[in-house]
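Below is one structure, written out as structure tokens; the observations come after it.
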Amino acid sequence: MTSESKSKGFNLFEAEDQVLARAKDLAARVEQVPAGLQDDILALVESYNLVLKEQRRLVRLSDRQQSQVAKLNKELATRTAQAEDALAKLKAVQESLVQAEKLASLGALVGGVAHEINTPVGIALSCASHLSDTTRHLKTLYEADDVGIEDFEAFLTQATDATTLVVDNCKRAAQLIGSFKQVAVDRVSAERRLFNLEKTIDETVTSLSPQIKGAGHRVEVRCPSDIMIDGYPGVLSQILGNFIMNSLIHGFDGCARQGVIAIKVDRVSLNSIILTYDDNGKGIPDANLSRVFDPFFTTKMGQGGSGLGLNIVYNLVTGPLGGTIAVTSAEDQGTQFKISFPPVAPI
Amino acid sequence: MENLLITAQERSPHVDFNFATGLLTIAGESYPDDASKVFGPIFEALDSYLAEVQPLPIRLEIELVYFNSSSAKALMNMFKRLDQAAIAGQKIDVYWRFAAEDETMREFGEDFSEDLSALAFHLVETDGK
């Protein structure tokens, strides 16, 4: 035992030490026995002494190993806890970035709304103000008692044209507001309802048309008009919105030709719809293709890219839509996304 | 006489010896650098308790989840010491508590109890909490 233990009056091998002392004592007392017997006893005592030494060494050694194991286990537990903690934090950050990304796409939507409604409202306003001028002019003539039949006929023609234009354009504005409202509500509420697929695609494309047309690109939609989906129109709209923004920001970036986006819907069976999204942009390099759905993967780091657009798409397709997604791309020819999903979303 | 109370440390168990009731509890983990620091005071306290004129029956509750070789040896020494007292007429009950799924601790308990003659050694399964 260590001297420290002995100084405290505690000896782990006290009993064994006592046995050893008695054996040594016995060996000393058997001097008179026949020759050879004492040697045998001494040998026995010595071998017991060695066994005891060996036992002490083993206990010390295994104590040390057990203490190392315990230390490593604690270390492992700490590391595991740290890793779990880091993972939870990462998930929280990712979740908040996904929310920020959703809000950003909603911002683009609002911009689109403002731009799109501006035209009919502008026309209605100028027609109304023209009608106001014409009316004032006729009133002046009338008060001077100078209204000729031609004046009155001209006024009637102008008033009819103006009111028709005002009514038509106000109707158009109201219609636009209605469809934008639906897109916005769907995006924000994420509510499940029965909706017409073509209509939702059209509304989404329209809401982004300022960005598309403004850059000189166009979108072609080919979708059977009778496909009804029991699911989440906001999700679909978000997916298409992210595809379109990706084509605009990445696909058509620095691409000389006019950008063309083709959205095609096929009903392949009662339970399966395939939506194909194609652009004729510059494509995705092979090295990046397998990573486009990874969170935070972006080639526009520090230039406004969050690397979450397609990750959100992936999560929306495999989650709320209950479908699958595949991407193919040929460099300098374009990128294609194929989404396959059931007409009734999973509960 | 003073009761013995040692709070658990990272590598040593909680020890509580109440002289008024004769209840000695050892619980937790035991793999100290120096076994004498944990078991020295327990042996001292047991010796002075047994040296009293008419000590109360001893109830020893042991609930260890992990211990090293020195601690195992010290425990065996303690059981032998108590067994001698039991042979001399002292009433002693040892409760060896272990989690139901902890086979190793059950086997240690069985192993300890084999070499004791007068001591009442009870194996008690717990739900591990």
Side-chain angles (χ1 to χ4, degrees), chain A residues 1-27 44-86, chain B residues 4 6 8-13 15 17 26 28-51 64-85 87 99 102 104-105 107-108 111-112 115-117 119:
Chain A
M1 239 15 258
T2 61
S3 58
E4 193 188 0
S5 309
K6 273 179 185 161
S7 70
K8 288 182 183 300
F10 177 90
N11 179 1
L12 207 54
F13 290 88
E14 195 176 8
E16 290 82 353
D17 281 343
Q18 280 167 9
V19 170
L20 184 63
R22 279 210 302 279
K24 280 178 176 165
D25 186 46
L26 176 68
L44 204 61
V45 170
E46 184 50 28
S47 75
Y48 180 69
N49 187 25
L50 286 176
V51 168
L52 197 55
K53 254 174 95 176
E54 182 68 21
Q55 206 188 340
R56 282 189 168 129
R57 194 159 56 231
L58 287 176
V59 165
R60 256 205 325 270
L61 197 66
S62 70
D63 271 5
R64 205 169 84 177
Q65 285 165 349
Q66 283 151 352
S67 129
Q68 275 168 352
V69 168
K71 200 173 132 195
L72 288 176
N73 278 340
K74 287 213 164 108
E75 180 78 20
L76 185 68
T78 313
R79 296 271 176 93
T80 309
Q82 281 169 348
E84 276 166 2
D85 191 43
Chain B
L4 178 67
I6 305 167
Q9 301 289 311
E10 198 193 335
R11 303 167 63 168
S12 62
V15 178
F17 194 179
I26 302 173
E29 293 181 319
S30 179
Y31 56 105
D33 282 329
D34 183 0
S36 69
K37 284 194 178 143
V38 172
F39 291 93
I42 300 177
F43 274 75
E44 243 173 74
L46 270 174
D47 283 342
S48 42
Y49 183 81
L50 290 167
L64 290 169
V65 288
Y66 183 75
F67 53 80
N68 64 4
S69 302
S70 286
S71 301
K73 180 85 174 77
L75 284 170
M76 194 59 224
N77 287 356
M78 182 168 71
F79 294 142
K80 278 185 181 157
R81 171 83 186 82
L82 289 171
D83 200 35
Q84 280 162 12
I87 290 165
D102 194 343
T104 315
M105 280 299 156
E107 279 166 19
F108 270 123
D111 190 45
F112 282 137
D115 301 319
L116 305 168
S117 50
L119 198 66

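Numbered from 1 within each chain, the chains take letters A, B, ... in sequence-line order. This is a predicted model, so every value here is computed, not measured.
Interatomic distance, A/Glu16 CD to B/Asn77 CG, rounded to the nearest 0.5 Å: 6.5 Å. We find the CZ-OG distance between A/Arg56 and B/Ser69 to be 15.0 Å, quoted to the nearest 0.5 Å. Note that OH of B/Tyr31 and CD of A/Gln68 are 12.0 Å apart. Values are rounded to the nearest 0.5 Å. Here the CG-OG distance, from B/Asn68 to A/Ser67, works out to 8.0 Å after rounding to the nearest 0.5 Å.
In this structure, A/Phe10 and B/Phe43 have perpendicular ring planes: the angle between them is above 60°, well past the 30° mark.
In this structure, B/Ser36 and A/Leu12 have side chains that are not in contact, with every pair of non-hydrogen atoms separated by 4.5 Å or more.
The residues B/Lys80 and A/Glu14 are annotated as not salt-bridged, no charged nitrogen and carboxylate oxygen being separated by less than 4.0 angstrom.
The backbone N or O of B/Ser70 sits less than 3.5 Å from a side-chain atom of A/Asp63, completing a donor-acceptor pair. In this structure a side-chain-to-backbone donor-acceptor pair under 3.5 Å is present from B/Tyr66 to A/Gln66.
Both the backbone and the side chain of B/Phe39 come within less than 4.5 Å of a heavy atom of chain A. Interface remark: B/Glu10 contributes backbone and side-chain atoms alike to the contact with chain A (heavy atom separation under 4.5 Å).
Residue A/Lys74 qualifies as enclosed at atom NZ: its count of foreign heavy atoms under 6.0 Å is above 12.
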